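Following: one structure in structure tokens, then a few remarks.
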Amino acid sequence: MPPASGDSSESAPSVGELTPPTRTLMGPGPSDVHPRVLRAMSTPLVGHLDPSFIEIMNEVQELLRYTFQTDNQWTIPVSGTGSAAMEAAIGNVVEPGDTMLVPTNGYFGGRMAEMARRAGGDIVEVDAPWGEPLEPADVSDALAEHDPDVFGFIHAETSTGVVQPDVSELTAAAHDHDALVIADTVTSLGGVELKVDEWGIDVAYSGPQKCLSCPPGASPLTLSDHAMEKVLGREESPRSWYLDLSLLEGYWGDDRSYHHTAPITNVYSIREALRLVAEEGLENRWERHRRLAGALKAGVEGMGLEMNAPEEYWLPSLNAVRVPDGVDDGEVCADVLEQYDLEIASGLGDLAGEIFRIGCMGYSARPENVALVVTALGDSLESLGADVDPEGGVAACRKALR
Ligand code: PLP
């Protein structure tokens, strides 16, 4: 029966204008978006096959190659978040019956394993505790024992604040066993030293909302010719039609023919974010992240807290700070959000309740934000009963910023 006139199912919902709070984003991502990127997002749409858009696509690919430090022709922004680029990498490279070696030292190694399993792969693991990197000797042993087709690792583990050192050693060992290497660079691209070609990485994927300071929606992916040979030589199509790289090639390769409607505004945004990377220069950008995250680290240590990762594998873009005795991490995060409009995050998985995760990424990596984090964290911890020295933290941070 049709609803009677005046029935509530016919009345339009009354929703107010969008007024999100103004936060400072110093969590594990997204980071603050640069005003130039926001402006690029408010420019008019063109069609996804418009000649002017084809030119924009070429520019994005060129800028992505620079940012990944690669000559790979197969370098594109995948429509979707970092997980889409991750699934495009794993779902195309791993064929049913392949074996993939994955790490156990953080949350995102687990996601890699799950995606490879869904692609029909068999999973074998190389172990390291959460909060530590993989040991090259352990990776070599696992490669010798399992002879995998693919080896995946997380370059910058967002759940633990650890950067994987010795990447060239890991890739060389994998190549000795004819395994292709997939690197998760979601929290390193554009913020932490990363050299895809020089380090022998076959496939790398990332996300735009971390060190590129761009809203999520178009996620970087690069594959070497060798990796693409495997993808194009598959006997069975990948399980996802949307992320099938042999089809996406039609749009991002020479043909420029329709596959799906590109998220045009997201392509504009990543173009502007990558332009900012190129203007600053990658080396300068890596140095800025180290310097500002170094001041953040000096500040938290100066107030008496401990970093979870030792200096050798500390990840500047994601600072894992031990939660001091006597406070609840969730209450601290809620307090800094309420009092300071500042976002930081709690730990995940094995480190839940044990660490705070404080990002220092892209446009968020600025002196005023670092000073705010140290001030806000010291204040909240002290008012919630922790034994910290907020003034000591601020003084150490200020000194490091000079
Ligand atoms: N890999 C790592 C290391 C990440 O930190 C994230 C997100 O935080 C992802 C993959 C997944 O990216 P997204 O949440 O954009 O899908």
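Ligands are counted one by one from 1 in listed order, and the atoms in each one are counted from 1 as well. Since we're looking at a predicted model, the values are computed, not measured.
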Item to check | Charged tip of R111 within 45° of Y107 ring normal and under 6.0 Å | outcome: no
Item to check | Any N/O pair M86/ligand 1 closer than 3.5 Å | outcome: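 No, no N or O pair falls under 3.5 Å.
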Element-labelled atoms of ligand 1 that are located less than 4.0 Å from some non-hydrogen atom of [X]:
| X | answer |
| --- | --- |
| G82 | 12 (O), 13 (P), 15 (O), 16 (O) |
| T187 | 5 (O) |
| R111 | 11 (C) |

Tell me the protein heavy atom at minimum distance from [atom], and give that distance in Å.
| atom | result |
| --- | --- |
| atom 9 (C) of ligand 1 | F108 CE2, 3.4 Å |
| atom 8 (O) of ligand 1 | K210 NZ, 2.6 Å |
| atom 5 (O) of ligand 1 | T158 OG1, 2.4 Å |
| atom 15 (O) of ligand 1 | Q209 NE2, 2.7 Å |
| atom 1 (N) of ligand 1 | D184 OD2, 2.7 Å |

Checklist entry - Heavy-atom distance to atom 12 (O) of ligand 1: which of S83, P30, G207 wins? => result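 Checking each option, the heavy atom nearest atom 12 (O) of ligand 1 is found in S83.
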Item to check | Non-hydrogen atoms of L212 and P220 that approach each other most closely | outcome: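 Scanning both residues completely, I find the closest heavy atoms to be CD1-CG, 4.2 Å.
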Next on the checklist: Once ring-ring contact (aromatic ring centres under 6.0 Å, His included) is applied, do any residues pair with F151, and if so which ones, sequence neighbours excluded?
Outcome noted: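 F151: ring-ring contact (aromatic ring centres under 6.0 Å, His included) contacts with F153.
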Checklist entry - Under a 4.5 Å cut-off applied to non-hydrogen side-chain atoms, are V373 and Y340 in contact? => result no
Next on the checklist: Can you tell me if E157 contacts ligand 1 (heavy atom of the residue under 4.0 Å from the ligand)?
Outcome noted: no
Checklist outcome for this item: Residues pairing under side chain to side chain donor-acceptor pair (under 3.5 Å) where one sits in residues 133-156, two or more places apart or in two chains, turn out to be H155-S188
Checklist entry - Side chains of D202 and H175: is there a donor and an acceptor less than 3.5 Å apart? => result yes
Next on the checklist: Any carboxylate oxygen within less than 4.0 angstrom of a Lys/Arg side-chain nitrogen, looking at D98 and K230?
Outcome noted: yes
Next on the checklist: Test your reading of the model: is there a side-chain donor-acceptor pair from D244 to the backbone of P238, 3.5 Å cut-off?
Outcome noted: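 It does not hold such a pair.
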